[in-house]
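What follows is a short report on a single structure.
All values reported here derive from a predicted model rather than from experimental measurement. Proteins come first, then strands; the chains are lettered A, B, ... in the order of their sequence lines, and each starts at number 1.
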Number of protein chains: 2
Amino acid sequence: MPMDARKFRILQAIIDDYILTAIPVGSRTISKKYEMGLSSATIRNEMSDLEELGYLDQPHVSAGRIPSAKAYRLYVDQLLQSGILRSDDTASVKDHFGSRARQMEDVISRAAQVLSGMTNYTALVMSPKGRELHIRTLQLVPVSSTSALLVIVTDGGIMRDTVIRVGSDLDSDALYAISRMLTEKLSGRTLSEALKMLHGVQESSPRGKQVLDGVVGFLDSVEGDTAKTKLALGGTSNILNFPEYSDVEKAKGFLSVLETKDKLIQLLENQGEMAFTVRIGPETGIPELKDCSLVTATYHLSDNTHGTIGVIGPTRMQYGRVLSILNAMGQQLTDLLGQDKE
Amino acid sequence: MPMDARKFRILQAIIDDYILTAIPVGSRTISKKYEMGLSSATIRNEMSDLEELGYLDQPHVSAGRIPSAKAYRLYVDQLLQSGILRSDDTASVKDHFGSRARQMEDVISRAAQVLSGMTNYTALVMSPKGRELHIRTLQLVPVSSTSALLVIVTDGGIMRDTVIRVGSDLDSDALYAISRMLTEKLSGRTLSEALKMLHGVQESSPRGKQVLDGVVGFLDSVEGDTAKTKLALGGTSNILNFPEYSDVEKAKGFLSVLETKDKLIQLLENQGEMAFTVRIGPETGIPELKDCSLVTATYHLSDNTHGTIGVIGPTRMQYGRVLSILNAMGQQLTDLLGQDKE
DNA sequence: TGTTAGCACTCGGGTTAGGTGAGTGCTAAC
DNA sequence: GTTAGCACTCACCTAACCCGAGTGCTAACA
């Protein structure tokens with residue numbers, strides 16, 4: 001028994017209805033509300049087929065049907081293919097964004113808020129991450145007599161900074177000299193290259209060694225830097241708006257996952273640079289999210305720098321809307337963050 | 001009818017029991033579980049008095065009594081007076097803290113996690129905030145051809161940074177020269193003093209003006225800088241462990257307050273530098289938290305820099321435990337953050 | 001062969017009624 | 001002032017019940 005056009009139309013109607021109402025949808029509803037020119041009996045037959053094909057589940061015998069993950073998958077694939085993204089939320093996103101946010105961090109967290117506000121789901125925004133960042137400048141700023149702030153600027157325009165200890169006899173000028181020297185040596189290199197170079201250097205003076213150790217230590221930590229990626233969340237409590245999560249236990253599971261951002265970051269990083277990805281239920285790979293869908297999009301700042309934005313909600317998500325909004329938001333972020341970098 | 005010692009002992013027993021079980025406690029329970037040498041009938045009489053005095057509430061006529069906010073207030077005041085804080089959680093805090101966290105931000109967020117883990121409540125940790133910060137160093141680091149990173153180091157050891165636009169003809173050395181000049185001029189001043197000084201300066205060259213504008217703009221934003229204080233949360237979903245929040249609507253309200261950190265920050269900032277403050281239920285001033293208590297403590301880095309840590313939980317909180325843990329954590333933070341600043 | 005009407009059946013959810021027990025307030029005796 | 005006893009209240013639990021939405025199946029129809 002193949003999947004024909006009529007079955008697909010019925011399935012689509014079921015999904016649409018379920019997304020809207022969250023209650024199992026029966027044959028009568030489809031026959032009446034969505035004019036198919038078919039009686040409920042016929043729909044029933046088709047629904048029975050669709051269930052056999054694995055697109056529908058039945059919570060219990062005398063309830064209507066609900067779409068399975070497989071059904072959503074089909075639905076979404078269809079959506080993506082048909083290029084439904086022409087609907088334009090760009091203006092709306094801009095409206096919501098409003099005020100000028102200057103710092104990367106501000107933009108990120110504001111974006112998360114706007115995204116959650118517009119979608120009513122939980123939003124994720126991950127700060128840009130370069131695949132192979134090249135060092136541009138490296139500078140030490142005195143903080144106290146024994147410590148300095150190490151600032152590294154890369155071609156992604158991204159700065160990473162940390163405090164390192166330095167000898168007490170290094171004043172501002174000395175630090176600047178060292179900074180110049182390091183910049184000259186390392187400029188243009190990737191982080192890993194720089195690390196290798198510095199490992200080779202033998203520094204005789206103890207204070208020079210201390211600085212070097214600090215720099216190496218920091219590069220090291222930046223290099224294996226998965227946990228450090230900034231992740232902003234918005235509308236974490238939005239999930240409670242949905243009846244699927246009126247059970248406190250489930251809600252707790254969900255919120256716990258959000259709290260320990262690690263799993264999320266991993267999830268978001270593990271997806272190349274696809275324009276959009278949609279993970280439905282079990283596809284997320286996180287047990288607590290088995291009734292959720294995660295829709296993500298990437299935004300690009302430069303050739304090798306990109307970040308991720310996404311939305312988490314119940315599997316019965318308004319995929320079309322969400323995809324369109326993500327699209328607009330991605331562009332907006334590219335604009336906002338891109339301008340600062342050149 | 002006055003409040004005598006026996007009434008107080010009974011009240012204390014009721015509070016202890018209710019904190020533990022969250023179910024209304026009856027006269028029989030008190031008479032049996034806590035050996036008072038009194039029959040349930042006597043306890044009943046006393047309880048009736050306590051209710052009249054406003055220390056007890058009765059959910060409905062045939063249920064036990066639960067402590068009112070007023071009762072908790074009495075309980076906590078007693079606790080604080082009696083200097084119950086000798087019990088020492090310092091070692092335990094250190095254990096949990098474990099690994100070295102170097103950056104301020106790391107320490108803050110880790111502290112929030114440890115605090116929530118140890119107390120099982122929701123934890124707040126606010127980054128240190130100086131009343132009158134003095135500028136120590138000010139430096140510009142080139143980021144791209146048209147922008148630079150402005151780093152300001154203050155005597156609290158706290159750095160604030162932002163990206164400002166600069167003329168395209170300023171190279172690293174030129175920026176360093178400007179930095180030196182600015183540092184010389186502004187070092188030792190407070191932020192507001194510096195701001196005033198710079199407003200007086202007339203800069204003729206356009207590129208100098210651009211830099212100046214950037215610096216002024218930034219100082220401005222730091223000056224009125226209440227929203228920017230870093231606030232880390234830990235264990236936000238812990239609240240769901242408590243039966244008082246098994247109602248999803250209530251939980252949503254609570255979580256929403258946490259999400260828009262503004263109210264919390266305001267709340268935390270509005271309390272001088274008391275060693276401890278305890279706000280019970282309505283005392284928080286936030287409707288959504290009317291069934292919660294907020295216990296806070298301050299930790300000091302230097303004379304004019306202090307931060308706040310706190311715990312939010314149901315009004316029936318284990319105040320003694322929480323106060324003791326906050327105390328230990330405060331000291332730990334002073335240690336961890338203090339060392340970097342000198 | 002596909003569609004439809006009709007019908008018996010299922011089962012979750014809401015409602016009602018009754019029983020249970022914890023807890024109270026009051027009174028009278030100690 | 002304390003206690004024992006007793007009647008009373010009321011939230012909570014359970015079982016029984018009904019209702020209705022929805023299904024699957026069958027037979028008739030186009």
Side-chain angles (χ1 to χ4, degrees), chain A residues 1-11 13-15 17-18 20-68 71 243-244 246-247, chain B residues 1-11 13-15 17-18 20-68 71 243-244 246-247:
Chain A
M1 162 194 31
M3 171 81 162
D4 59 19
R6 192 173 76 175
K7 279 192 178 48
F8 186 75
R9 263 179 45 230
I10 292 175
L11 181 57
I14 294 173
I15 295 178
D17 201 79
Y18 188 68
L20 223 63
T21 64
I23 50 181
V25 17
S27 55
R28 222 178 123 76
T29 313
I30 297 300
S31 149
K32 290 246 162 127
K33 215 157 112 187
Y34 305 79
E35 300 128 14
M36 300 246 143
L38 293 174
S39 79
S40 64
T42 311
I43 306 283
R44 265 200 303 280
N45 288 330
E46 295 288 41
M47 281 166 87
S48 179
D49 290 353
L50 283 168
E51 183 171 355
E52 204 171 320
L53 286 167
Y55 292 108
L56 293 179
D57 289 332
Q58 206 168 9
H60 55 87
V61 57
S62 78
R65 309 296 217 288
I66 62 177
S68 67
E244 331 10 22
S246 56
D247 175 22
Chain B
M1 159 197 28
M3 170 82 163
D4 58 19
R6 192 173 76 175
K7 279 191 177 48
F8 186 75
R9 263 181 43 230
I10 292 176
L11 181 58
I14 294 174
I15 296 178
D17 201 79
Y18 188 69
L20 222 63
T21 64
I23 51 181
V25 17
S27 54
R28 221 177 123 78
T29 312
I30 297 300
S31 150
K32 290 249 161 125
K33 215 157 111 186
Y34 305 79
E35 299 127 15
M36 300 245 142
L38 293 173
S39 79
S40 64
T42 310
I43 306 283
R44 266 202 298 283
N45 288 331
E46 296 288 40
M47 281 166 86
S48 179
D49 290 353
L50 283 168
E51 183 171 356
E52 205 171 320
L53 287 167
Y55 291 108
L56 292 180
D57 289 331
Q58 206 169 10
H60 56 87
V61 57
S62 77
R65 308 297 217 287
I66 62 177
S68 68
E244 13 305 63
S246 57
D247 175 22

*Less than 3.5 Å between a donor and an acceptor, one on the side chain of A/R44 and one on the base of C/dG2, is that the case here?*
no
What is the distance from [atom1] of [X] to [atom2] of [N], rounded to the nearest Å?
| X | N | atom1 | atom2 | result |
| --- | --- | --- | --- | --- |
| A/I30 | D/dG22 | CD1 | P | 10 Å |
| B/D57 | C/dT24 | CG | C1' | 16 Å |
| B/E46 | C/dT24 | CD | C1' | 16 Å |
| B/H60 | D/dA11 | NE2 | C1' | 5 Å |
| B/R28 | C/dG25 | CZ | C1' | 17 Å |
| B/N45 | D/dA4 | CG | C1' | 12 Å |
| B/R6 | D/dT3 | CZ | C1' | 12 Å |
| B/I66 | C/dG23 | CD1 | C1' | 15 Å |

Please list each protein N or O that sits under 3.5 Å from an N or O in nucleotides 27-30 of chain D, with the distance.
none

*asked:* One pair to check against side chain to side chain contact (heavy atoms under 4.5 Å, CB included): B/L56 and B/I14. What are the steps and the verdict?
replied: CA-CA 9 Å; B/L56 292 180; B/I14 294 174; 3.7 Å; yes
_Closest-nucleotide ordering on DNA chain D, the 5'-leading residue of A/P24 and A/A41_ =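 Result: A/P24.
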*asked:* Can you work out whether A/E51 or B/P59 has the more 5'-proximal nearest nucleotide on DNA chain D?
replied: B/P59
Taking 4.0 Å as the cut-off, does a side-chain nitrogen or oxygen of [X] come that near to OP1 or OP2 on [N]?
| X | N | result |
| --- | --- | --- |
| B/T42 | D/dT2 | no |
| B/R65 | C/dG25 | yes |
| B/S62 | C/dT24 | no |

*asked:* So A/S27, base contact, sugar-phosphate only, or nothing? Heavy-atom distance under 4.0 Å.
replied: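 Sugar-phosphate, no base atom in range.
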_Mind checking if B/A63 touches a base, just sugar-phosphate, or nothing, with heavy atoms under 4.0 Å?_
sugar-phosphate
Are the side chains of [X] and [Y] in touch, meaning some heavy atoms are under 4.5 Å apart?
| X | Y | answer |
| --- | --- | --- |
| B/E46 | B/L38 | no |
| A/M3 | A/L11 | yes |
| B/T21 | B/D17 | yes |

*Pairs flagged by salt bridge (charged side-chain N to carboxylate O under 4.0 Å, His left out) wherever residues 47-66 of chain B is involved - sequence neighbours left out*: B/K7-B/D49, B/E51-B/R65
*Does C/dC30 pair with anything, Watson-Crick or G-U wobble, both distances under 3.5 Å, and if so, with which nucleotide?*
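C/dC30 is paired, partner D/dG1.
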*In Å and rounded to the nearest 0.5 Å, what is the CD1 to CG distance from A/I43 to A/L50?*
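Answer for the CD1-CG pair, A/I43 versus A/L50, is 10.0 Å.
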*For A/A13 and A/M36, work out which heavy atoms get closest and say how close.*
CB-CE, 4.1 Å
